[in-house]
Structure formats: C-alpha cells, structure tokens
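First the structure, in the form of structure tokens, and then the observations on it.
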Amino acid sequence: MLTRPDVAVVGAGPVGLAIAWRCASRGLRVVVHDPAPGSGASHVAAGMLSPVAEAYFGEHELTGLLAESAARWPGFAAELAQAAGVEFGHRTEGTLVVGLTSDDLAEARRLWSYQQGLGLPITPLRPSQLRDREPALAPRVRGGAVAPGDHQVDPRRLVVALRSAAERAGATLPPGPVARLADVDARVTVVAAGCGAAALTGLPVRPVKGQVLRLRAPDRAAPDFRHVIRGYADGESVYLVPRADGEVVVGATVEERADTEVTAGAVLRLLRAAVDLVPDLAEYDLVEASAGLRPGTPDNAPILGPLPGHPGVLVATGHHRHGIVLTPVTADLITELVVTGEADPLLAPFTPDRFGPPDATHPGSARVGPAGPESSTEEERTWN
Ligand code: GLY
C-alpha cells in the first residue's frame with residue numbers, strides 16, 4: 001500500500017478480521033498484521049454462541065454484552081455469507097444443558113436457576129423430553145434444560161470467511177509480525193492480538209489454557225446428535241459441539257497455564273465425560289487433540305476501547321471464553337469508534353482504563369509520538 005493506512009489491525013483472528021471487514025466496508029484503507037492468521041485461540045475454539053449457558057455468577061456486565069452480541073449474530077452471519085461467498089457452519093438448533101448424576105444435575109440446576117432469574121431463555125426438561133430431543137444421550141442422564149438461543153459456528157471456517165470478506169472489501173494482509181506498537185504506521189491502530197496484546201500494550205491479559213479434542217463420526221456421517229450439549233458428568237464439565245461434516249468438538253479444560261502441551265490426563269477426562277453423556281462417541285475417530293490460550297483478564301470480561309496514554313490506539317482483546325460470540329458486537333463498536341470517534345455507551349464497562357494505567361515498562365507498548373498528521377487532536381481527545 002502506497003499511502004498511509006487509515007486503520008492497522010494487529011491480529012487476524014475473528015475479532016481482528018471482523019473489525020478489518022467492517023472498517024474496509026466503511027471506505028477506510030485497512031491493513032491487518034499477523035504472521036499466521038487464524039492461528040490463535042480461534043484455531044482450537046469450539047464456536048459456541050452461548051450467551052445463556054455460559055452466563056456465570058457475578059458476571060452481569062459480561063452477560064449483557066454476550067446477549068447483545070448473540071442477538072447480532074443472525075444478521076452478521078447473513079451479511080458475512082453474502083460478502084464472503086463461503087459457508088462457515090452457523091447452526092441454530094440450540095443447546096442442551098445436562099447432568100449425568102443427581103449431583104451433576106444439582107450443579108447444573110443451580111446455574112440455570114440463576115440464568116432464569118436474569119430472564120435468560122433456558123427451560124428445564126424432564127429426562128424423557130431430553131431424550132426425545134436427543135436420543136443419543138445416555139439413558140442414565142438424570143435431567144437437563146434447553147437454551148434454544150445458544151447456537152454455534154465453526155471458528156476455523158469463520159476465519160476463512162472473515163478474511164475473504166475483509167479482502168474483498170479492500171483490506172490487505174501484509175506478511176510479517178508486529179513486535180511493538182512503534183512498528184505500526186496508521187492513523188488508528190487496533191490491537192486485537194489476543195494474548196499477544198499483553199506484550200504490545202502492557203494491559204493485564206493473561207493466557208488461560210484450554211485443551212480440546214476433535215472426533216469424527218464413522219464415514220464422515222453427520223453426528224448422532226444436533227444440539228450443542230453442555231454437560232456435567234461425575235463432576236467434570238464438558239461440551240460437545242456437533243458439526244454437519246461429522247466433526248464433534250469436545251472441550252475444554254480451563255487451566256491457569258501458558259503452555260500448549262496436550263496431557264494424557266486431560267484427554268482421558270474429556271473423553272470419559274463425553275462418552276458417559278453420549279455413549280456412541282466411543283465409536284468415533286479421535287482426529288485431533290490440541291491446546292490453545294484464551295486471552296483472560298482480571299474480571300473475565302473483554303478490554304475494548306482507547307489505550308490510555310497512547311493516542312490513536314484502540315484495544316479489542318481479553319475475550320477469554322467468549323471470542324466467537326462477541327465478534328459481531330466487538331467489530332460494530334470498535335468500527336464506530338474508529339469512524340466517528342464516538343464511544344457507544346455499551347463500551348463503558350469494558351474500557352482499558354478500568355485496570356488503571358497499563359504497565360509502561362512493557363517494551364512492546366513504547367510508541368513514538370501520536371498517530372501522526374492525519375489524526376485530529378479532536379479525535380484523540382474524544383478517545384482519551
Ligand atoms: N467458550 C468455551 C471455552 O472457552 O472453552
């Protein structure tokens with residue numbers, strides 16, 4: 001690109017690519033920096049669009065943002081399908097929450113009672129109703145509930161679709177990494193680098209390891225079940241995400257670790273829980289065992305907005321367990337901020353300054369001067 005870009009996005013996961021697509025569609029010159037697009041957390045993610053079954057105690061603000069983004073997903077998916085011309089496995093059969101033993105059911109019920117208390121759409125089912133919906137469930141599953149609005153998408157295909165849409169809209173992906181913010185030359189820089197945002201910005205983003213399995217139905221037939229299944233099985237929490245092409249994603253561990261080794265113990269626990277809930281899975285091929293790093297934050301909520309002390313730099317990271325479901329709302333809000341300089345009120349609980357000033361000693365966050373001659377001081381005031 002010969003002229004200075006309007007927007008440089010650092011990070012080509014779903015969030016970064018969606019921002020690039022939206023900004024390019026608004027007529028901005030956009031570059032996306034990532035030496036390996038789609039190789040971060042999204043590469044192992046299951047793709048649950050789960051604003052209800054993943055609404056946890058004490059996370060009110062986050063729960064509201066999940067619901068807002070999930071509501072945007074159908075329109076986002078329709079637009080993306082048209083813009084990209086490729087399919088990305090968006091499925092809307094809903095999610096079943098199930099408990100294997102009476103203890104497991106008590107744990108699941110405690111959470112769904114909380115979710116119902118928030119007015120979220122989740123409805124208890126008798127065991128016979130569960131099995132009418134999914135005959136593949138083990139007969140000894142004690143009970144559960146349905147969250148009809150909790151859907152799914154295939155994150156690997158989503159990345160392909162978003163990249164295609166972004167490039168068709170005019171965004172470019174030059175090769176090469178970005179080690180420091182000072183390496184980026186654009187009117188606005190958006191840091192959407194997942195765990196890598198910590199080194200670039202000094203913000204408190206920490207890796208949270210997740211180990212995930214991929215099974216495949218014999219002969220690549222569609223799996224024996226259609227709903228996402230969120231299960232509790234002898235004290236293990238597990239989710240099963242069936243794809244039309246025969247894949248079933250089984251996830252995931254949640255570990256305060258920064259390595260990506262796959263351990264025998266985790267594979268054993270995930271498989272045992274999966275087969276306890278859906279016995280036929282024992283006949284499936286185990287085709288992949290992988291681990292990824294979720295970008296976690298001190299309050300488990302994303303970090304969205306201007307980076308304190310860095311005019312012209314915005315942050316969109318820290319999506320932790322919710323990067324895929326939060327992609328549409330993140331892209332919309334950050335794009336609006338880039339284009340108009342106005343912060344949507346939805347951003348208020350998630351701004352980077354809620355954690356105090358970033359760690360200024362972090363080498364990657366050093367930036368030489370503000371965004372440059374094309375950036376107006378008015379914009380910089382609005383953002384800071
Ligand atoms: N969203 C599910 C997970 O992070 O494991």
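Whatever order the structure lists them in is the order used to number ligands and atoms, beginning at 1. Both backbone and side-chain heavy atoms feed into the values below; hydrogens, waters and symmetry mates do not.
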Ligand-residue contact atoms, ligand 1 with Met48, heavy atoms, under 4.0 Å: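 Heavy-atom distances to Met48 below 4.0 Å select 2 (C).
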Going by the order shown, which atoms of ligand 1 are within less than 4.0 Å of some heavy atom of Ala252?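 Per the distance check, 5 (O).
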Protein heavy atom at shortest distance from [atom]:
{"atom": "atom 5 (O) of ligand 1", "answer": "Tyr239 OH, 2.6 Å"}
{"atom": "atom 1 (N) of ligand 1", "answer": "Arg321 O, 2.7 Å"}
{"atom": "atom 4 (O) of ligand 1", "answer": "Arg294 NE, 2.7 Å"}

Salt bridge check: are Arg157 and Asp245 linked by an N-O gap of less than 4.0 Å?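 Yes, charged N to carboxylate O under 4.0 Å.
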Hey, what's the ring geometry for Trp21 with Phe76, parallel, tilted or perpendicular (30° and 60° as the breaks)?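 Trp21 vs Phe76 ring planes: perpendicular.
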Modelled atom types, side-chain donor and acceptor of Gln211 and Ser290, under 3.5 Å: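 Looking only at side-chain atoms, Ser290 and Gln211 do not form any donor-acceptor pair under 3.5 Å.
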Side chain to side chain donor-acceptor pair (under 3.5 Å), paired with Asn300, selected from Glu59, Arg321, His319: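 Single pass found, and it is Glu59.
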Residue among Thr297, Thr330, Leu62, Val15 satisfying side-chain contact (heavy atoms from CB on, under 4.5 Å) with Pro302: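 Single pass found, and it is Leu62.
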